[in-house]
Amino acid sequence: MPLTISEKILASHAAQDSVTPGEIIQVKVDFAFCNDITTQLAMDFFKATGATKVFDPERISLIPDHFVPNKDVQSAEQVKKMREFAHENKLPYYFELGKMGIEHVLLPEQGLVLPGEVVIGADSHTCTYGALGSFATGVGSSDLGAAMATGYVWLKVPESMRIEYTGKLKPWVGGKDLILYTISQIGVDGATYKALEFTGEVIGSLDMDDRFTISNMAVEAGAKVGIIPPDDITKSYVKERAKRNPTYYYSDQDAKYQANITWDISNLEPQVACPHSPGNVYPVGDLHHIRVDQVVIGSCTNGRINDLRIAAKILKNHKVADSVRCIIFPGSPDVYSQALREGLIEIFMDAGVAVSTPTCGPCLGGHMGILASGERAISTTNRNFIGRMGHKDSEVYLSSPAVAAASAVKGYIAHPEYVIK
């Protein structure tokens with residue numbers, strides 16, 4: 001029976017020869033994790049199972065990244081309980097402040113999530129790791145708690161939807177533009193509970209940082225997983241990091257898809273998602289002189305080293321506009337260290353940027369970049385719902401690091417060509 005890559009991974013983890021979309025299966029979990037917001041409930045459900053120890057300390061990670069450095073007493077108490085649980089269960093992959101990074105940047109970087117695996121996390125953007133060729137998906141804290149005890153999770157096999165990108169990318173166009181365009185075309189519910197499979201010559205030309213960005217925002221189209229079949233670029237990335245042996249799966253040529261879509265993106269311009277939906281997308285050239293108060297570059301979507309390199313290329317020898325606050329969040333300590341070695345941090349500071357320790361803080365309106373009433377931000381994050389980054393009367397636009405950096409210099413939403421001629 002011909003199967004898609006997602007179906008093959010699920011079948012192997014359910015100890016079955018094949019699976020069918022809609023089938024409910026119990027699958028073995030290769031890696032499970034949660035953050036400072038979701039860990040408390042997961043711990044409660046773990047204890048409710050009667051378990052006295054986790055199924056495998058090497059297969060679980062706790063990452064305090066949303067409100068860290070702790071913004072208040074409540075967040076400090078949350079992280080304290082995480083720390084205690086990690087120590088009680090002798091978890092080697094509890095990442096304390098200083099070692100902690102944004103979870104979806106940190107885990108692939110550390111070689112803890114791998115191709116061919118089933119990965120679950122109590123965070124919706126767990127789908128990021130589909131860029132490696134894994135079946136990675138967000139689950140509720142109750143499922144996560146049960147999985148920490150048993151090593152298994154129940155899943156419904158999703159239908160698969162294949163998207164092929166052909167052509168050649170124009171300058172300043174990358175993974176963020178591709179996924180924003182995709183969401184604008186199929187809608188924020190266009191892939192609800194489906195496995196979005198990204199393919200084509202354009203995907204093959206992208207580095208892993210761009211691929212992570214694409215898979216990260218699959219959930220913004222409602223997808224259960226956003227998966228990219230592995231290739232030599234994937235294998236090279238994994239080879240120098242993997243803590244376990246990866247398994248590489250590929251879709252059969254005659255596998256069945258709910259839909260097959262092909263787009264030639266040769267003429268695609270940098271894209272911007274306008275308030276208040278990731279699907280409300282326009283080419284940057286269609287947005288005329290929209291003033292911004294704040295620019296955020298970072299997050300689990302665009303906080304990797306190539307994102308910072310792009311931002312630095314635009315900000316070098318320029319200044320952030322007087323009317324703008326610009327904040328850059330490297331996604332992990334390793335990204336921060338690499339940016340220091342390459343002189344990127346100096347470029348940012350010379351431009352008038354505030355450079356932060358890794359944190360999810362501003363993305364969810366948690367801390368370190370909250371918007372006031374009537375303020376407008378352009379951000380490389382993944383959601384721009386009402387009140388997402390602060391006051392309900394603020395506005396958030398989503399873009400690539402290139403557009404965000406150019407906007408910081410100009411003071412309004414701008415094409416990078418407005419800064420780099």
Side-chain angles (χ1 to χ4, degrees), residues 102 105 169-180 207 209-210 212-213 216 268-274 281-285 287-331 335-336 338-340 342-356 358 362-363 368-369 371 375-382 384 389 395-421:
I102 297 171
V105 177
L169 293 174
K170 297 176 72 171
W172 303 115
V173 176
K176 186 63 163 289
D177 306 294
L178 285 175
I179 191 60
L180 287 177
D207 58 35
D209 288 1
D210 269 325
F212 284 127
T213 297
N216 174 271
L268 189 70
E269 297 291 337
Q271 305 285 292
V272 177
C274 301
V281 176
Y282 297 88
V284 66
L287 305 178
H288 301 294
H289 227 86
I290 297 176
R291 181 188 59 80
V292 295
D293 301 288
Q294 180 167 288
V295 174
V296 174
I297 299 173
S299 84
C300 65
T301 314
N302 285 114
R304 297 173 182 83
I305 189 61
N306 282 340
D307 299 314
L308 270 57
R309 287 169 179 155
I310 291 168
K313 185 175 182 179
I314 292 169
L315 288 166
K316 187 174 183 179
N317 299 323
H318 291 92
K319 294 289 185 182
V320 172
D322 290 341
S323 59
V324 174
R325 312 180 298 272
C326 183
I327 314 169
I328 291 181
F329 297 83
V335 172
Y336 206 134
Q338 184 66 30
L340 276 169
E342 294 182 17
L344 308 186
I345 303 300
E346 185 176 3
I347 290 171
F348 297 149
M349 297 189 74
D350 286 347
V353 171
V355 182
S356 165
C363 176
M368 300 179 76
L371 297 177
E375 289 194 316
R376 182 181 294 127
I378 187 164
S379 175
T380 67
T381 52
N382 42 49
N384 59 345
M389 292 183 71
E395 292 183 344
V396 179
Y397 292 73
L398 305 177
S399 78
S400 67
V403 171
S407 303
V409 173
K410 303 302 289 186
Y412 55 87
I413 296 176
H415 195 295
E417 290 177 351
Y418 295 176
V419 178
I420 305 292
K421 304 299 182 182

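These numbers were taken from a predicted model, which means no experiment stands behind them.
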Salt bridge (charged side-chain N to carboxylate O under 4.0 Å, His left out) partners of residues 399-410, not counting sequence neighbours, each pair once = none

inquiry  = According to salt bridge (charged side-chain N to carboxylate O under 4.0 Å, His left out), does anything in residues 315-331 pair up with another residue at least two apart or in another chain? List the pairs.
reply    = Arg325-Glu375

query = Among all residues two or more places apart in sequence or in another chain, which pass the side-chain hydrogen bond (donor to acceptor under 3.5 Å, both in side chains) test with Glu417?
reply = none

query = Taking only residues two or more places apart in sequence or in another chain, which ones pass side-chain hydrogen bond (donor to acceptor under 3.5 Å, both in side chains) with Asp350?
reply = none

Test item: [X] and [Y] side chains (from C-beta on) under 4.5 Å apart, heavy atoms:
| X | Y | answer |
| --- | --- | --- |
| Ile290 | Tyr397 | yes |
| Pro283 | Gln271 | yes |
| Thr301 | Ile179 | no |
| Asp210 | Leu178 | no |
| Ile327 | Pro362 | no |
| Ile297 | Phe348 | no |

Of all residues at least two apart in sequence or in a different chain, which pass the side chain to side chain contact (heavy atoms under 4.5 Å, CB included) check with [X]?
| X | answer |
| --- | --- |
| Val284 | Pro270, Val272, Val403, Ile413, His415 |
| Asn302 | Lys176, Thr213, Asp307, Thr380, Pro401 |
| Ala339 | Ile305, Leu308, Leu344, Ile345 |
| Cys363 | Thr381, Asn382, Arg388 |

query = By ring-ring contact (aromatic ring centres under 6.0 Å, His included), which residues pair with His289, not counting sequence neighbours?
reply = Tyr412

request  = For Phe212, enumerate each residue passing the ring-ring contact (aromatic ring centres under 6.0 Å, His included) test, keeping only those at least two apart in sequence or located in another chain.
outcome  = Tyr237

remark   = Across all chains, not counting sequence neighbours, the salt bridge (Lys or Arg N to Asp or Glu O under 4.0 Å) partners of Glu342 are Arg309

inquiry  = To the nearest 0.5 Å, what is the distance between CG on Leu315 and CD1 on Ile328?
reply    = 5.5 Å

query = Can you tell me if Asp209 uses its side chain to pair, donor with acceptor, with the backbone of Asn306 under 3.5 Å?
reply = yes

ask   = Do Trp172 and Asp177 pass the side chain to side chain contact (heavy atoms under 4.5 Å, CB included) test, and can you show the C-alpha distance, the side-chain angles, and the key distance before you say yes or no?
value = CA-CA 9 Å; Trp172 303 115; Asp177 306 294; over 6 Å; no

query = Of all heavy-atom pairs between Ser356 and Pro330, which one has the smallest distance, and what is that distance?
reply = O-CD, 3.2 Å

